[in-house]
Amino acid sequence: MFFKLTDEQLMIQSMVREFSRKVVAPTAAERDQTKEFPAENFKKMGELGLMGMMVPVEYGGEGTDTVSYVLALSEIAYSCASTAVVMSVHNSIVCESIRRYGNEEQKQKFLPSMTSAEIIGAFALTEPHAGSDPVSQLTTAVRDGDYYVLNGTKRFITSGKNGGLVIVTAKTDEAKRHKGISAFIVERDTPGLIVGHTEDKMGLRASDTTDLIFEDCRVSAENLLGKEGDGFKIAMTALDGGRIGISAQSVGVAQAALDAAVKYAKGRDQFGKKISKFQGLRWIVADMATEIEAARQLMFSAAAMKDRGEKYTLQASIAKLFASEMVNRVTGKALQMHGGYGFTKDYPVERFYRDARVFTIYEGTSEIQRVVISNQIFKDKRKP
Ligand code: CAA
């Protein structure tokens with residue numbers, strides 16, 4: 001599908017591009033070293049409307065479409081993938097789930113402080129022994145009067161430490177398998193919610209990834225998201241949107257890697273001429289550009305299907321699978337084009353390479369995307 005962006009979408013893209021390159025990019029390498037969470041940048045992003053892009057205006061959001069959102073997210077990822085993943089989980093998963101499944105009180109209570117970035121959202125589905133198979137999770141939520149009492153451990157939670165609110169899934173009825181899982185909105189200061197181990201990761205180092213431990217954590221029944229038993233559906237729907245977000249992160253990082261490689265090739269002399277003059281390298285650049293453009297179109301088409309209210313599970317997984325594998329190929333080639341310098345911290349390309357590595361893993365591995373894609377194809381009744 002060839003995509004023609006509207007004037008408004010182009011305006012958002014250019015506004016975020018300017019912000020990203022002026023404010024986010026200059027400190028990205030330093031953040032990668034210090035692992036400092038860019039809290040101030042998120043406040044500025046809140047002011048610019050980037051932390052509640054698809055939230056309706058009446059709850060403090062911008063009410064933009066998903067196409068505008070992926071444009072903005074890929075511009076942030078271009079400069080700093082750590083900042084982008086926090087923005088992605090916050091917008092695509094947490095704000096979207098509250099917007100879609102929250103009742104009026106929950107939307108009024110939580111969304112305005114999220115859109116201003118006063119509160120960053122986290123999403124807790126994964127557990128130490130339940131990654132690709134979230135139905136096997138062990139966290140429980142037992143009703144006790146006006147409360148649910150949560151017990152269990154969640155793992156690999158983006159913004160587990162710096163988040164102010166987490167959507168957590170837990171079993172309310174063991175016997176019902178996925179239909180016995182419910183989702184809760186839990187605020188950071190809730191007694192019994194403990195931030196556990198923080199991971200020391202190879203990439204996305206300025207975004208904290210932690211365990212969250214629930215120890216007799218009493219959560220008001222008012223914070224049940226949707227109905228009891230809706231938790232798995234809420235998580236799967238959230239991940240459909242999240243996967244479009246990962247395709248946008250992939251496109252942003254890949255474009256940054258391509259631009260860095262082209263700049264390097266234009267400046268580097270070997271054998272008496274710029275290495276950009278060698279056909280061997282030019283063909284690599286052509287392949288990189290082609291793959292990025294293909295991923296961009298898949299990202300747009302998934303986002304546009306969501307905006308049109310169509311079912312987009314298949315398209316989101318296709319976009320995520322292709323884009324996340326593409327960015328791993330592209331950052332590898334960009335690093336190779338830098339020769340020995342690519343392996344040093346003097347150039348940003350080694351950070352792009354490390355940051356992109358997790359894109360084929362989180363929010364559903366490439367193998368899980370293939371399960372989703374093939375399941376969708378085989379159950380399509382329109383197919384012969
Ligand atoms: N939308 C709505 N409902 C869905 C759905 C979707 N996309 N996918 C499945 N469902 C529903 C099904 O309709 C079914 O419901 P019914 O019984 O009512 O029909 C139910 O969910 C169960 O479906 P399946 O039998 O297909 O479920 P399954 O147990 O076989 O699992 C799976 C399917 C695709 C493998 C799924 O478990 C999955 O996506 N796993 C990967 C999980 C994942 O992505 N984890 C990443 C965690 S988030 C993260 O990375 C953290 C971060 O902070 C970045």
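None of the values given here were measured: they were computed from a predicted structure. Whatever order the structure lists ligands and atoms in, that order sets their numbers, starting from 1.
- For the pair Arg218 and Tyr148, the cation-pi criterion (under 6.0 Å, within 45° of the ring axis) is not fulfilled.
- For atom 18 (O) of ligand 1, the nearest protein heavy atom lies under 4.0 Å away.
- For atom 2 (C) of ligand 1, the closest non-hydrogen atom of the protein is Thr237 OG1, 3.8 Å.
- At under 3.5 Å, a nitrogen or oxygen of Gly364, whether backbone or side chain, sits near a nitrogen or oxygen of ligand 1.
- Nearest to atom 37 (O) of ligand 1 among the protein's heavy atoms is Pro134 CD, 3.2 Å.
- Atom 15 (O) of ligand 1 lies below 4.0 Å from at least one non-hydrogen atom of the protein.
- Each of the atoms 7 (N) of ligand 1 lies under 4.0 Å from some heavy atom of Thr313.
- Under the 4.0 angstrom criterion, atom 40 (N) of ligand 1 counts as having a protein heavy-atom contact.
- Using a cut-off of 4.0 Å between Lys/Arg side-chain N and Asp/Glu carboxylate O, Arg155 and Glu127 are scored as not salt-bridged.
- Looking only at protein heavy atoms, the nearest one to atom 7 (N) of ligand 1 is Asp240 OD2, 2.9 Å.
- Contact annotation for atom 30 (O) of ligand 1: protein absent (non-hydrogen atoms, distance under 4.0 Å).
- Asp230 contributes a side-chain N or O that, together with a main-chain N or O of Lys227, makes up a donor-acceptor pair within less than 3.5 Å.
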| request: Determine, step by step, whether Arg370 and Glu325 satisfy the salt bridge (Lys or Arg N to Asp or Glu O under 4.0 Å) criterion, reporting the C-alpha distance in whole Å, the side-chain angles of both residues, the deciding distance to 0.1 Å, and the verdict. | output: CA-CA 12 Å; Arg370 291 183 172 97; Glu325 299 209 330; 3.1 Å; yes

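- By the 4.0 Å heavy-atom criterion, Thr126 is counted among the residues contacting ligand 1.
- Within a 4.0 Å radius of atom 26 (O) of ligand 1, the protein has no heavy atom.
- What sits closest to atom 32 (C) of ligand 1 on the protein, heavy atoms only, is Met236 SD, 4.7 Å.
- Below 3.5 Å of separation, one finds an N or O of Glu363 facing an N or O of ligand 1.
- Of the polar atoms of Ser132, at least one N or O is found under 3.5 Å from an N or O of ligand 1, judged by distance alone.
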| query | Would Arg205 and Asp355 satisfy salt bridge (Lys or Arg N to Asp or Glu O under 4.0 Å), going step by step from the backbone distance to the final call? | reply | CA-CA 8 Å; Arg205 288 169 60 78; Asp355 284 342; over 6 Å; no

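- Looking only at protein heavy atoms, the nearest one to atom 48 (S) of ligand 1 is Leu239 CD2, 3.9 Å.
- Atom 33 (C) of ligand 1 has its closest protein heavy atom at Phe232 CZ, 4.6 Å.
- Atom OH of Tyr353 is separated from atom CD of Gln336 by 9.5 Å, given to the nearest 0.5 angstrom.
- Between Lys43 and Glu40 there is a salt bridge, since at least one side-chain N of the basic residue sits less than 4.0 Å from a carboxylate O of the acidic one.
- Distance check on atom 21 (O) of ligand 1: some protein heavy atom falls below the 4.0 Å cut-off.
- In this structure, atom 12 (C) of ligand 1 is not in close contact with the protein, since no protein heavy atom lies within 4.0 Å of it.
- Residues Phe37 and Phe42 bring their aromatic ring centres within 6.0 Å.
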| said: Between Arg296 and Glu291, is the salt bridge (Lys or Arg N to Asp or Glu O under 4.0 Å) condition met? List the steps. | reply: CA-CA 9 Å; Arg296 187 177 282 118; Glu291 286 209 78; over 6 Å; no

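- At distances below 3.5 Å, at least one donor-acceptor pair connects side-chain atoms of Asn103 with backbone N or O atoms of Gln106.
- The closest approach between any non-hydrogen atom of Val372 and ligand 1 is below 4.0 Å.
- Taking the six-membered ring where tryptophan is involved, the planes of Tyr347 and Tyr264 are perpendicular, since the angle between them exceeds 60° and thus also 30°.
- Under the 4.5 Å side-chain criterion, counting only non-hydrogen atoms from C-beta, Lys333 is not in contact with Val330.
- For atom 35 (C) of ligand 1, the nearest non-hydrogen atom of the protein is Ile368 CD1, 3.9 Å.
- Salt-bridge formation is not detected for the pair Lys306/Asp65: no Lys NZ or Arg NE/NH1/NH2 atom is positioned less than 4.0 Å from an Asp or Glu carboxylate oxygen.
- In this structure a side-chain-to-backbone donor-acceptor pair under 3.5 Å is present from Asp208 to Gly160.
- Counting heavy atoms from C-beta on, the side chains of Met51 and His90 come closer than 4.5 Å.
- Inside a 4.0 Å radius of atom 50 (O) of ligand 1 there is at least one protein heavy atom.
- Only the side chain of His178 comes within contact range of ligand 1, with a heavy atom under 4.0 Å; no backbone atom does.
- Under 4.0 angstrom from ligand 1, the non-hydrogen atoms of Arg243 all belong to its side chain.
- The cationic atom of Lys179 (NZ for Lys, CZ for Arg) does not lie both less than 6.0 Å from the six-membered ring centre of Phe232 and within 45° of the ring axis.
- Ligand 1 places these atoms under 4.0 Å from at least one heavy atom of Val135: 29 (O).
- Atoms of ligand 1 found under 4.0 Å from any heavy atom of Tyr362 (numbered from 1 in listed order, with element): 50 (O).
- Scanning the protein heavy atoms around atom 52 (C) of ligand 1, the nearest turns out to be Thr158 OG1, 3.4 Å.
- Not a single heavy atom of Ile157 sits closer than 4.0 Å to an atom of ligand 1.
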